[in-house]
Amino acid sequence: MRIATWNINGVKARIDTVLEWLKETSPDVACLQEIKSVDENFPRQPFEDLGYNVETHGQKGFNGVALLSKQPLEDVERRLPGDDGDEQARFIEGAVSSDKGVIRFGCLYLPNGNPLGSEKFPYKLAWMDRLIPHAERRLREENAYLLLGDYNVIPDPIDAKNAKNWLDDALFQPESRQRFRALTNLGFTEAVRACTEAAETYTFWDYQAGAWQKNNGIRIDHILLSPQATDLISGCGIDKHVRGWEKPSDHVPVWVELAA
DNA sequence: ATGGCGTACGCAGTACGA
């Protein structure tokens with residue numbers, strides 16, 4: 001079973017690209033971020049035509065997440081618990097049944113947090129402070145659970161081509177990185193680092209200043225697996241070639257293969 | 001980067017992203 005995450009930067013602009021990728025890699029579950037669409041306008045039909053069940057949590061203009069699954073999605077929940085006043089569409093969960101039991105997926109679009117000094121950075125940290133106890137509750141269920149998406153966190157210097165360029169950026173602040181470590185330290189395994197120690201392993205390249213051509217990337221899209229899910233890992237990867245396609249997203253898909 | 005690009009909204013130019 002292949003599980004993938006991808007920040008598509010707008011479903012309207014990216015629909016053909018996303019469909020092409022789905023046909024090429026055929027993930028069983030795909031978590032999409034930045035759909036930038038309200039639920040009513042999400043183009044469900046072309047995804048359903050490829051055999052996917054579709055669940056969305058969108059809003060007007062920006063943000064928005066979606067879950068695609070070849071198997072029916074059960075127990076779908078929208079919104080990250082902990083702040084009823086948070087109107088930003090950044091979190092959706094669902095589960096599928098497999099021969100290894102229930103496998104649950106949390107699809108997240110973590111706040112960017114820039115610029116530092118604005119209200120956006122404390123919002124990012126507060127969002128992470130809600131994510132950690134939620135993840136802790138899920139781990140206590142002792143099922144296969146994957147928490148995946150655009151974390152907007154560069155975990156370590158090796159995860160950026162030029163780490164010093166990010167020192168004043170919310171993605172690389174000690175407070176952001178500390179919370180990411182606190183999350184993984186609950187007992188999650190981070191898929192890509194479990195599969196490779198290779199340097200220059202990135203998931204995002206800016207549209208500007210020839211970042212892609214210079215391989216000036218960062219690794220900010222992550223897949224975290226509970227111990228029960230970690231036991232099923234048979235491989236993982238990054239679909240880097242997609243960044244070179246026509247009209248690309250600035251992010252590329254990350255995936256993990258489970259023996260389920 | 002005093003953001004040079006890209007997307008959404010909506011029809012000019014502003015908000016947002018990382």
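Just so it is clear: chains get the letters A, B, ... in the order the sequence lines come, proteins before strands, and each one is counted from 1. Just so you know, these numbers come straight off a predicted model, no measurement behind them.
Between B:dT7 and B:dA18, the two P atoms lie 14 Å apart (nearest whole Å). Comparing B:dA12 with B:dT2, their P atoms are spaced 31 Å from each other, to the whole Å. Rounded to whole Å, the separation between the P atoms of B:dA1 and B:dC16 comes to 24 Å. Atom C1' of B:dA15 sits at a distance of 13 Å from the matching atom of B:dG10, rounded to the whole Å.
A:Asn215 and A:Trp205 form a side-chain donor-acceptor contact under 3.5 Å, judged by distance and modelled atom types alone. No side-chain donor-acceptor contact under 3.5 Å links A:Asn53 and A:Ser69.
Separating the CG atom of A:Leu167 from the P atom of B:dA1 is a distance of 13 Å, rounded to the nearest angstrom.
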Practice problem: Summarise protein proximity over nucleotides 8-18 of chain B in one line of letters, 5' to 3': B for base, S for sugar-phosphate only, - for none, counting protein heavy atoms closer than 4.0 Å. | Solution: SSS------SB

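A salt bridge is absent between A:Glu34 and A:Arg14: the closest approach of a Lys/Arg side-chain nitrogen to an acidic carboxylate oxygen does not fall below 4.0 angstrom. With respect to the salt-bridge test (charged N to carboxylate O, under 4.0 angstrom), the residues A:Arg137 and A:Glu77 do not qualify.
The main-chain N or O of A:Ala89 is found under 3.5 Å from a side-chain atom of A:Gln59 such that the two form a donor-acceptor pair.
In this structure, B:dC5 and B:dG17 make a Watson-Crick or G-U wobble pair, each of the two defining distances being under 3.5 angstrom.
Annotation: side chain of A:Leu225 is in contact with side chain of A:Leu258 (closest heavy-atom distance under 4.5 Å).
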